[in-house]
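Note sheet for the following structure.
Every chain is numbered from 1 and lettered A, B, ... according to where its sequence line falls, protein lines coming before strand lines.
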2 protein chains.
Amino acid sequence: MRALHHPDVSTVALPSVLNALADEVRLMVVRQLAEAGGVVCGQFDVPVSMSTLSHHLKVLREAGILRVTPQGSFRRHELRLPEMEARFPGVLTSILQATP
Amino acid sequence: MRALHHPDVSTVALPSVLNALADEVRLMVVRQLAEAGGVVCGQFDVPVSMSTLSHHLKVLREAGILRVTPQGSFRRHELRLPEMEARFPGVLTSILQATP
DNA sequence: TCAGGATTTCGATAACGGTCGAATTGTGTG
DNA sequence: CACACAATTCGACCGTTATCGAAATCCTGA
């Protein structure tokens with residue numbers, strides 16, 4: 001499977017991160033990742049089509065918020081929580097805590 | 001001067017707040033407010049026209065992030081920091097600290 | 001190698017959002 | 001009242017983005 005690009009978190013800008021999180025669907029994704037750890041693409045519970053979900057995952061990935069690791073024919077998604085915490089301390093964690 | 005609408009912070013949604021902060025110009029505005037306390041519209045240091053600035057201030061106001069109080073023919077802007085902190089603890093403060 | 005499932009990419013569409021200049025509103029002052 | 005000034009609103013333009021279905025890509029197992 002083709003190599004996916006994951007930006008170095010030191011190069012991502014704060015507006016990019018906030019923009020990635022300023023979407024209800026993407027917030028749902030991030031919440032579910034925070035709860036479940038690694039989640040496979042088809043297991044997200046979101047009210048959009050598969051192609052749209054793929055688009056949202058790409059936005060989150062390019063903002064440095066999640067990492068994608070191929071596992072067989074699946075792809076495992078997980079938050080880059082430690083890295084984000086080091087880059088923007090408290091931002092992602094407080095956003096996660098501000099949601100039910 | 002016409003009464004400006006300020007939403008009850010308990011009614012604003014997290015995506016609205018994040019969306020309001022996911023813009024470089026609006027982040028500049030928020031930073032300058034955090035430093036200077038109350039700032040009059042014409043004194044913001046931003047690289048956009050007055051009408052565009054007014055638009056950004058409206059977005060921030062409707063997201064519950066700042067309050068506008070008329071003072072003569074000027075308008076004073078200030079962060080609603082305590083209220084935002086109570087509603088989304090750590091979100092606004094961590095974003096402020098994540099910027100120079 | 002072929003079939004099938006998982007995910008992404010492509011192409012199209014519609015809505016949103018940042019931007020500006022011009023016009024408008026509101027406030028204080030002469 | 002008339003004027004100047006501060007700020008908003010309006011109308012338009014244009015790039016961005018959320019969305020979908022269809023097609024393409026990638027992997028596994030028979």
For this session: Side chain of B:H56 only, please: which of D:dG21, C:dC20, C:dT19 is the nearest?
Result: C:dT19
Problem set entry | Test item: side-chain donor near acceptor, B:S49 and B:T52, under 3.5 Å | yes
Exercise. Rounding to a whole Å, what distance do you find between B:L60:CG and D:dT8:P?
Worked result: 12 Å
Exercise. Roughly how many Å is it from CD in B:E62 to P in D:dT8, rounded to a whole number?
Worked result: 12 Å
Exercise. Is there a side-chain contact between A:P15 and A:N19 (heavy atoms, below 4.5 Å)?
Worked result: no
Exercise. What is the distance, rounded to the nearest whole Å, between atom CG of B:N19 and atom P of D:dT16?
Worked result: 17 Å
For this session: Select from A:Q71 and A:T52 the residue whose nearest nucleotide in DNA chain D is closer to the 5' end of that strand.
Result: A:T52
For this session: Scan B:R76 against the nucleic acid and name what it touches under 4.0 Å (heavy atoms): base, sugar-phosphate only, or nothing.
Result: nothing
Exercise. Within the pair A:H77 and C:dT7, is there a side-chain N or O less than 4.0 Å away from OP1 or OP2?
Worked result: no
Problem set entry | Side-chain N or O of A:R75 closer than 4.0 Å to phosphate OP1/OP2 of D:dC26 | no
For this session: Name the closest nucleotide to the A:V25 side chain, picking from D:dT19, D:dT8, C:dG18.
Result: D:dT19
Seminar exercise, completed: Separation of C:dT19 atom C1' from B:K58 atom NZ, nearest Å, is 15 Å
Exercise. With the threshold set at 4.0 Å, does a side-chain nitrogen-carboxylate oxygen contact exist between A:E24 and A:R26?
Worked result: no
For this session: Would you please confirm or rule out a distance under 4.0 Å between OP1 or OP2 of D:dA6 and any side-chain N or O of B:S73?
Result: no
Exercise. Just checking A:H55: base, sugar-phosphate only, or nothing, at a heavy-atom cut-off of under 4.0 Å?
Worked result: base
For this session: When you get a sec, tell me which of C:dT7, D:dT8, C:dT8 is the closest nucleotide to the side chain of A:S54?
Result: C:dT8
Exercise. Could you state the CZ-P distance from A:R61 to C:dT7, rounded to the nearest angstrom?
Worked result: 14 Å
Problem set entry | Spacing of B:R80 atom CZ and B:I65 atom CD1 [to the nearest 0.5 Å] | 10.0 Å
Exercise. Looking across every strand, which nucleic acid part, if any, lies under 4.0 Å from B:V59 by heavy atom: base, sugar-phosphate, or nothing?
Worked result: nothing
Exercise. Cut-off 3.5 Å, side chains only: do A:R76 and A:T69 have a donor facing an acceptor?
Worked result: no
Exercise. A:L4 CG to C:dA6 P: how many Å, rounded?
Worked result: 18 Å
For this session: Check the distance between D:dT17's P and A:L53's CG and give it to me in whole angstrom.
Result: 18 Å
Seminar exercise, completed: Testing D:dA18, C:dT9, D:dT8 for proximity to the side chain of A:D23, the answer is D:dA18
For this session: Identify which nucleotide among D:dT9, C:dG18, D:dC20 has an atom closest to any side-chain atom of B:S51, counting heavy atoms from C-beta outward.
Result: D:dT9
Exercise. Rounded to the Å, how far apart are B:M50 CE and C:dA23 C1'?
Worked result: 16 Å
